[in-house]
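Here's the structure we're looking at; comments come further down.
Both backbone and side-chain heavy atoms feed into the values below; hydrogens, waters and symmetry mates do not. Numbers here are sequence positions counted from 1. This structure is a prediction, so every number in the text was calculated from the model and none was measured.
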Amino acid sequence: MKDTKAWILDAATMLFTQNGYNGTTTRAIAELAGISESTFFRIYKSKDALLTDLLYIMTPGPEDIPMKEMTNGADIEKDFELFLYYNAILHIRHLPVFRLAMHVDEVYDTSRFSKIKGLVSQMAGYFEHLQEIGFLIRFDYEALAEHVNALSIVKASEFITGEIYGVPMEQSVRAFSKQYAEFFTRLLSTRDI
């Protein structure tokens with residue numbers, strides 16, 4: 001069951017998306033969340049504090065990749081596919097609020113970016129493990145992880161746009177993940193596949 005904070009965050013996400021940050025009042029958020037405005041202010045001191053929390057929550061981080069699904073190098077292509085799939089999905093979920101944040105300079109803080117950096121470092125660490133077990137060639141894995149993350153962000157924008165024109169997002173993300181997993185596996189492998 002959702003708590004009051006979760007209801008506020010859901011209401012804010014919906015209203016910020018529909019009306020923009022400046023076009024949304026704390027009263028409207030409270031009404032949609034089914035609480036009083038005074039209850040809103042007991043949980044969040046301001047609309048800016050709410051947005052900062054919302055952006056942090058929605059920023060993808062290493063905890064969002066289900067590492068238990070990874071094969072630890074037993075099936076490298078599947079592992080790449082999972083990394084790519086979850087990265088794209090996380091960025092799709094994050095992009096609408098991220099775009100909103102671009103208009104509110106004061107909410108950019110290092111804690112949100114440390115989560116994304118953690119996601120990149122997690123992927124780089126996985127690539128280093130694959131090099132240690134002899135699957136990947138020696139490479140700058142941090143740079144590779146940065147590129148994979150950037151690729152996921154760009155593709156996420158395309159998938160959102162595609163869905164508007166009737167191309168199912170889930171289908172697009174799966175096809176992207178499969179295609180690029182095959183590409184990266186061939187590119188980085190030290191043996192034939």
- Atom pair NZ (Lys5) and CG (Leu54), whose distance is rounded to the nearest 0.5 Å: 10.5 Å
- Item | Polar side-chain atom of Ser177 near backbone of Val173 as donor-acceptor pair, under 3.5 Å | yes
- Task: State plainly whether one hydrophobic cluster holds both Ile89 and Val148, where clusters connect Ile, Leu, Val, Met, Phe, Trp and Tyr through side-chain heavy atoms under 4.5 angstrom apart.
- Result: yes
- Task: Determine, stepwise, if the pair Tyr85 / Glu170 fulfils side chain to side chain donor-acceptor pair (under 3.5 Å).
- Result: CA-CA 9 Å; Tyr85 174 80; Glu170 178 69 20; 2.9 Å; yes
- Item | salt_bridge(Lys78, Glu81) N-O dist < 4.0 Å | no
- Task: With Tyr44 as reference, evaluate Thr52, Asp53, Thr39 under the side chain to side chain donor-acceptor pair (under 3.5 Å) test and give the passing residue.
- Result: Asp53
- Query: Is any side-chain heavy atom of Leu144 less than 4.5 Å from a side-chain heavy atom of Phe184?
  - Reply: yes
- Message: Please give me the minimum heavy-atom distance between Thr185 and Ala181, naming the atom from each residue.
- Response: OG1-O, 2.6 Å
- Check: Phe127 ring centre within less than 6.0 Å of Phe80 ring centre: yes
- Message: Take a 6.0 Å sphere around CE of Met14 and say whether it holds more than 12 heavy atoms from other residues, nucleotides or ligands.
- Response: no
- Shortest non-hydrogen contact from Leu119 toward Asn87: CD2-OD1, 3.4 Å
- Item | From Ile29 atom CD1 to Thr24 atom OG1, the distance as rounded to the nearest 0.5 Å | 6.0 Å
- Any Leu9 side-chain heavy atom under 4.5 Å of Leu50 side chain: yes
- Which heavy atom in Ala11 sits nearest to a heavy atom in Ala33, and how many Å separate them? CB-N, 3.8 Å
- Classify the ring geometry between Phe183 and Tyr180 as parallel (under 30°), tilted (30 to 60°) or perpendicular (over 60°). perpendicular
- Message: Distance check, rounded to the nearest 0.5 Å: Glu163 atom CD versus Gln171 atom CD?
- Response: 10.5 Å
- Would you say Phe176 and Leu151 make side-chain contact, with heavy atoms under 4.5 Å? yes
- Item | Any Thr4 side-chain heavy atom under 4.5 Å of Phe40 side chain | no
- Query: Do Val167 and Leu84 sit in the same hydrophobic cluster, where Ile, Leu, Val, Met, Phe, Trp and Tyr count as joined when their side-chain heavy atoms come under 4.5 Å apart?
  - Reply: no
- Quick one: do Glu182 and Lys178 make a salt bridge, cutoff under 4.0 Å? yes
- Task: Taking all non-hydrogen atoms of both residues into account, name the closest pair between Asn72 and Ile133 and its distance.
- Result: O-CD1, 4.1 Å
- Task: Supply the atom-to-atom distance Tyr86 OH to Met70 CE, rounded to the nearest 0.5 angstrom.
- Result: 10.0 Å
- Query: Do Lys117 and Glu146 have side chains that get closer than 4.5 Å, going by heavy atoms?
  - Reply: yes
- Just wondering, do Leu15 and Thr25 contact through their side chains at under 4.5 Å, heavy atoms? no
- Item | Worked verdict on Leu32 versus Trp7 for side chain to side chain contact (heavy atoms under 4.5 Å, CB included) | CA-CA 8 Å; Leu32 186 58; Trp7 286 111; over 6 Å; no
- Task: Considering non-hydrogen atoms only, spot the tightest contact between Ala124 and Glu142 and give its length.
- Result: CB-OE1, 3.5 Å
- Are Phe159 and Phe83 co-members of a hydrophobic cluster defined by side-chain heavy atoms under 4.5 Å apart? yes
- Item | hydrophobic_cluster_shared for Met123 and Val120, side chain cutoff 4.5 Å | no
- Give the C-alpha distance, both sets of side-chain angles, the deciding distance and a yes or no for side chain to side chain contact (heavy atoms under 4.5 Å, CB included) between Gln122 and Met67. CA-CA 10 Å; Gln122 177 190 51; Met67 294 303 288; 3.4 Å; yes
- Thr26 side chain to Lys47 backbone, donor-acceptor under 3.5 Å: no
- Non-hydrogen atoms of Ile92 and Ala156 that approach each other most closely: CG1-CB, 3.6 Å
